[in-house]
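Heads up, the thing below is written out as C-alpha coordinates.
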Amino acid sequence: EDQVTQSPEALRLQEGESSSLNCSYTVSGLRGLFWYRQDPGKGPEFLFTLYSAGEEKEKERLKATLTKKESFLHITAPKPEDSATYLCAAAGTASKLTFGTGTRLQVTL
Amino acid sequence: KAGVTQTPRYLIKTRGQQVTLSCSPISGHRSVSWYQQTPGQGLQFLFEYFSETQRNKGNFPGRFSGRQFSNSRSEMNVSTLELGDSALYLCASSFGPNEKLFFGSGTQLSVL
(Lines give C-alpha, C1' and ligand atoms only; values in the text may rest on other atoms or scores of the structure.)
Protein backbone atom coordinates (compact mmCIF):
# COMPACT_ATOMS: atom_id res chain seq x y z
CA GLU A 1 0.00 0.00 0.00
CA ASP A 2 1.27 3.48 -0.90
CA GLN A 3 2.44 5.56 2.05
CA VAL A 4 3.52 9.16 2.49
CA THR A 5 4.99 10.45 5.75
CA GLN A 6 5.77 14.08 6.47
CA SER A 7 7.97 15.55 9.17
CA PRO A 8 7.98 17.49 11.31
CA GLU A 9 4.27 17.74 12.16
CA ALA A 10 4.71 21.36 13.15
CA LEU A 11 7.50 23.87 12.71
CA ARG A 12 7.88 27.33 14.13
CA LEU A 13 10.43 29.63 12.50
CA GLN A 14 11.44 33.21 12.96
CA GLU A 15 11.29 35.44 9.91
CA GLY A 16 14.43 34.87 7.87
CA GLU A 17 15.24 31.52 9.49
CA SER A 18 15.59 28.97 6.67
CA SER A 19 14.58 25.33 7.10
CA SER A 20 13.41 22.20 5.27
CA LEU A 21 10.30 20.05 5.38
CA ASN A 22 10.60 16.33 4.71
CA CYS A 23 8.32 13.98 2.78
CA SER A 24 9.15 10.27 2.72
CA TYR A 25 7.20 8.14 0.29
CA THR A 26 6.68 4.48 -0.55
CA VAL A 27 4.73 4.06 -3.76
CA SER A 28 4.75 1.56 -6.57
CA GLY A 29 6.02 3.24 -9.71
CA LEU A 30 6.09 6.92 -8.81
CA ARG A 31 4.26 8.95 -11.44
CA GLY A 32 4.56 12.29 -9.67
CA LEU A 33 5.34 13.89 -6.30
CA PHE A 34 3.23 16.93 -5.53
CA TRP A 35 3.52 19.74 -3.00
CA TYR A 36 0.53 21.79 -1.93
CA ARG A 37 -0.01 24.65 0.47
CA GLN A 38 -3.19 24.86 2.55
CA ASP A 39 -4.39 27.91 4.42
CA PRO A 40 -7.03 27.62 7.17
CA GLY A 41 -10.56 27.28 5.79
CA LYS A 42 -9.35 26.76 2.22
CA GLY A 43 -8.57 23.88 -0.08
CA PRO A 44 -4.96 22.97 -0.87
CA GLU A 45 -3.21 25.12 -3.47
CA PHE A 46 -0.77 23.53 -5.93
CA LEU A 47 2.90 24.42 -5.59
CA PHE A 48 5.10 21.91 -7.46
CA THR A 49 5.19 18.59 -9.28
CA LEU A 50 8.39 16.52 -9.39
CA TYR A 51 8.66 13.46 -11.60
CA SER A 52 12.13 11.94 -11.25
CA ALA A 53 14.98 11.72 -8.75
CA GLY A 54 17.31 14.70 -8.99
CA GLU A 55 14.63 17.06 -10.19
CA GLU A 56 14.32 20.47 -8.51
CA LYS A 57 11.73 23.22 -8.81
CA GLU A 58 11.72 26.73 -7.36
CA LYS A 59 9.14 29.38 -6.70
CA GLU A 60 10.00 32.53 -4.77
CA ARG A 61 11.32 31.38 -1.36
CA LEU A 62 10.43 27.73 -1.91
CA LYS A 63 12.48 24.99 -3.54
CA ALA A 64 11.36 21.38 -3.87
CA THR A 65 13.76 18.50 -4.47
CA LEU A 66 13.25 14.78 -5.07
CA THR A 67 15.23 11.62 -4.38
CA LYS A 68 14.15 8.00 -4.86
CA LYS A 69 12.72 7.88 -1.35
CA GLU A 70 12.17 11.45 -0.19
CA SER A 71 11.25 14.94 -1.19
CA PHE A 72 12.26 18.12 0.57
CA LEU A 73 10.64 21.51 0.57
CA HIS A 74 13.28 24.09 1.39
CA ILE A 75 12.10 27.45 2.66
CA THR A 76 14.67 30.23 2.38
CA ALA A 77 14.31 33.37 4.50
CA PRO A 78 10.62 32.77 5.23
CA LYS A 79 8.12 35.56 5.86
CA PRO A 80 4.99 35.46 8.04
CA GLU A 81 2.84 35.07 4.92
CA ASP A 82 4.49 31.67 4.34
CA SER A 83 2.66 30.38 7.42
CA ALA A 84 0.41 27.53 6.27
CA THR A 85 0.16 23.74 6.23
CA TYR A 86 2.34 22.18 3.54
CA LEU A 87 1.11 18.90 2.09
CA CYS A 88 3.02 16.34 0.11
CA ALA A 89 1.30 13.77 -2.13
CA ALA A 90 2.54 10.91 -4.30
CA ALA A 91 0.89 9.30 -7.31
CA GLY A 92 1.82 5.68 -8.04
CA THR A 93 0.95 3.21 -10.78
CA ALA A 94 -2.56 2.91 -9.40
CA SER A 95 -2.94 6.57 -10.31
CA LYS A 96 -4.27 7.24 -6.86
CA LEU A 97 -2.89 10.28 -5.04
CA THR A 98 -1.78 9.53 -1.48
CA PHE A 99 -1.34 12.55 0.80
CA GLY A 100 0.80 12.96 3.89
CA THR A 101 -0.72 14.54 6.98
CA GLY A 102 1.16 17.78 6.41
CA THR A 103 3.57 20.08 8.20
CA ARG A 104 2.06 23.11 9.96
CA LEU A 105 4.47 25.98 9.48
CA GLN A 106 4.31 29.13 11.56
CA VAL A 107 6.65 32.02 10.77
CA THR A 108 6.88 34.75 13.39
CA LEU A 109 8.36 38.25 13.27
CA LYS B 1 -11.28 31.65 -15.02
CA ALA B 2 -13.59 30.30 -12.32
CA GLY B 3 -12.12 27.84 -9.84
CA VAL B 4 -13.60 24.66 -8.45
CA THR B 5 -16.95 25.38 -6.83
CA GLN B 6 -18.32 23.26 -4.00
CA THR B 7 -21.75 23.59 -2.48
CA PRO B 8 -22.88 23.87 0.17
CA ARG B 9 -20.02 25.39 2.17
CA TYR B 10 -21.35 24.18 5.52
CA LEU B 11 -23.78 21.44 6.40
CA ILE B 12 -25.17 20.15 9.68
CA LYS B 13 -26.90 16.78 9.72
CA THR B 14 -27.93 14.24 12.34
CA ARG B 15 -26.97 10.59 12.56
CA GLY B 16 -28.82 8.35 10.15
CA GLN B 17 -29.55 11.06 7.61
CA GLN B 18 -28.05 11.19 4.16
CA VAL B 19 -26.31 14.05 2.41
CA THR B 20 -25.39 15.05 -1.14
CA LEU B 21 -22.46 17.34 -1.88
CA SER B 22 -21.90 19.04 -5.21
CA CYS B 23 -18.78 19.99 -7.13
CA SER B 24 -18.38 22.02 -10.32
CA PRO B 25 -14.89 21.60 -11.80
CA ILE B 26 -12.86 24.15 -13.69
CA SER B 27 -14.10 24.47 -17.25
CA GLY B 28 -12.34 21.95 -19.48
CA HIS B 29 -11.32 19.65 -16.63
CA ARG B 30 -12.63 16.13 -17.07
CA SER B 31 -11.23 14.50 -13.94
CA VAL B 32 -12.84 15.05 -10.53
CA SER B 33 -11.57 13.60 -7.25
CA TRP B 34 -13.05 13.66 -3.77
CA TYR B 35 -11.17 13.67 -0.49
CA GLN B 36 -12.14 13.60 3.17
CA GLN B 37 -10.00 15.72 5.45
CA THR B 38 -9.94 15.32 9.23
CA PRO B 39 -7.42 16.69 11.74
CA GLY B 40 -6.17 13.25 12.69
CA GLN B 41 -6.12 11.46 9.33
CA GLY B 42 -5.27 14.22 6.88
CA LEU B 43 -6.61 13.92 3.33
CA GLN B 44 -8.08 10.52 2.58
CA PHE B 45 -8.92 9.63 -1.03
CA LEU B 46 -12.57 8.78 -1.65
CA PHE B 47 -12.89 8.35 -5.41
CA GLU B 48 -11.94 9.74 -8.79
CA TYR B 49 -14.08 10.16 -11.87
CA PHE B 50 -12.95 10.75 -15.43
CA SER B 51 -15.42 11.22 -18.27
CA GLU B 52 -18.31 9.94 -16.12
CA THR B 53 -16.47 6.72 -15.17
CA GLN B 54 -15.12 5.93 -11.72
CA ARG B 55 -11.39 5.31 -12.21
CA ASN B 56 -10.34 4.76 -8.64
CA LYS B 57 -11.91 4.24 -5.26
CA GLY B 58 -10.45 4.63 -1.79
CA ASN B 59 -11.01 2.47 1.27
CA PHE B 60 -14.34 3.86 2.40
CA PRO B 61 -17.55 1.92 3.11
CA GLY B 62 -20.28 1.62 0.52
CA ARG B 63 -22.23 4.38 2.28
CA PHE B 64 -19.99 6.75 0.34
CA SER B 65 -20.84 6.99 -3.33
CA GLY B 66 -20.38 9.42 -6.15
CA ARG B 67 -21.12 10.12 -9.74
CA GLN B 68 -20.07 12.42 -12.54
CA PHE B 69 -22.32 13.97 -15.13
CA SER B 70 -21.68 14.59 -18.82
CA ASN B 71 -20.73 18.22 -18.08
CA SER B 72 -18.05 16.93 -15.64
CA ARG B 73 -19.94 18.19 -12.58
CA SER B 74 -19.83 15.68 -9.77
CA GLU B 75 -21.81 14.77 -6.70
CA MET B 76 -20.97 12.61 -3.73
CA ASN B 77 -23.52 11.05 -1.44
CA VAL B 78 -23.16 9.73 2.06
CA SER B 79 -26.01 7.63 3.40
CA THR B 80 -26.78 6.68 7.00
CA LEU B 81 -24.49 9.33 8.42
CA GLU B 82 -22.32 8.51 11.43
CA LEU B 83 -20.64 10.88 13.89
CA GLY B 84 -17.27 9.92 12.42
CA ASP B 85 -18.29 11.28 9.02
CA SER B 86 -17.86 14.83 10.35
CA ALA B 87 -15.08 16.25 8.19
CA LEU B 88 -14.13 18.67 5.47
CA TYR B 89 -14.97 17.14 2.09
CA LEU B 90 -12.79 18.45 -0.69
CA CYS B 91 -13.33 18.18 -4.40
CA ALA B 92 -10.50 18.64 -6.87
CA SER B 93 -10.42 18.77 -10.64
CA SER B 94 -7.69 18.30 -13.23
CA PHE B 95 -7.35 17.93 -16.98
CA GLY B 96 -6.72 14.25 -16.53
CA PRO B 97 -5.32 11.56 -14.20
CA ASN B 98 -1.96 12.27 -12.55
CA GLU B 99 -2.21 15.94 -13.45
CA LYS B 100 -1.97 18.63 -10.78
CA LEU B 101 -5.17 19.07 -8.82
CA PHE B 102 -7.12 22.26 -8.31
CA PHE B 103 -9.12 22.12 -5.11
CA GLY B 104 -12.33 23.76 -4.08
CA SER B 105 -12.77 25.29 -0.61
CA GLY B 106 -14.63 22.23 0.58
CA THR B 107 -17.87 21.40 2.33
CA GLN B 108 -17.62 21.28 6.11
CA LEU B 109 -19.98 18.53 7.26
CA SER B 110 -20.95 18.24 10.90
CA VAL B 111 -22.90 15.17 12.02
CA LEU B 112 -24.67 15.55 15.37
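We use all heavy atoms of the structure for the numbers below, so side chains are in, but hydrogens, waters and symmetry mates are not. In what follows, every chain begins at residue 1, and chains take the letters A, B, ... in the order their sequences are listed.
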Which heavy atom of B:Phe45 sits nearest to which heavy atom of A:Leu97, and what is that distance?
CB-O, 4.1 Å
Is it true that atom CD of A:Glu9 has more than 12 heavy atoms of other residues, nucleotides or ligands lying nearer than 6.0 Å?
no
Against chain A, residues from residues 8-21 of chain B with at least one heavy atom under 4.5 Å, in numeric order, are B:Arg9
Could you report the tightest heavy-atom contact between B:Lys100 and A:Thr49, atom names first, then the distance?
CB-OG1, 4.4 Å
For atom CD of A:Glu15, is the number of surrounding heavy atoms from other residues, nucleotides or ligands below 6.0 Å larger than 12?
yes
Quick check: is B:Val4 connected to A:Leu87 through a chain of hydrophobic side chains (ILVMFWY, heavy atoms under 4.5 Å apart)?
no
Given that the side chain runs from C-beta out, which part of A:Gln38 has a heavy atom under 4.5 Å from chain B: side chain, backbone, both or neither?
side chain
Determine, using the 4.5 Å side-chain heavy-atom cutoff (strictly less than), whether B:Phe47 and B:Phe60 are members of one ILVMFWY cluster.
yes
Considering only heavy atoms, give the residues of residues 64-76 of chain B separated from chain A by less than 4.5 Å, sorted numerically, with 'none' for an empty result.
none
What residues join A:Leu50 in its hydrophobic cluster, counting side-chain heavy atom gaps under 4.5 Å, either direct or through other members?
A:Val4, A:Leu11, A:Leu13, A:Leu21, A:Tyr25, A:Val27, A:Leu30, A:Leu33, A:Trp35, A:Leu47, A:Phe48, A:Leu62, A:Leu66, A:Leu73, A:Ile75, A:Tyr86, A:Leu105, A:Val107
Return the minimal non-hydrogen interatomic distance between A:Gly43 and B:Leu90, and the atom names on each side.
CA-CD2, 3.9 Å
For A:Glu56, what residues pass the salt bridge (Lys or Arg N to Asp or Glu O under 4.0 Å) criterion, not counting sequence neighbours?
A:Lys63
Please determine, among B:Ser33, B:Pro39, B:Ser105, B:Gly42, the option with the most heavy-atom pairs under 4.5 Å with chain A.
B:Ser105
Side chain from CB out, backbone as N, CA, C, O: work out which of these in B:Tyr35 comes under 4.5 Å of a heavy atom of chain A, or both, or neither.
side chain
Heavy atoms of other groups near A:Arg12 CZ, more than 12 under 6.0 Å:
no
Under 4.5 Å from a heavy atom of chain A, the part of B:Gln37 involved:
side chain
Counting only heavy atoms not in A:Lys57, do more than 12 sit closer than 6.0 Å to its NZ atom?
yes
Within a strict 4.5 Å, meaning less than it, do heavy atoms of the A:Phe34 and B:Leu101 side chains meet?
no
Counting only heavy atoms not in A:Lys42, do more than 12 sit closer than 6.0 Å to its NZ atom?
no
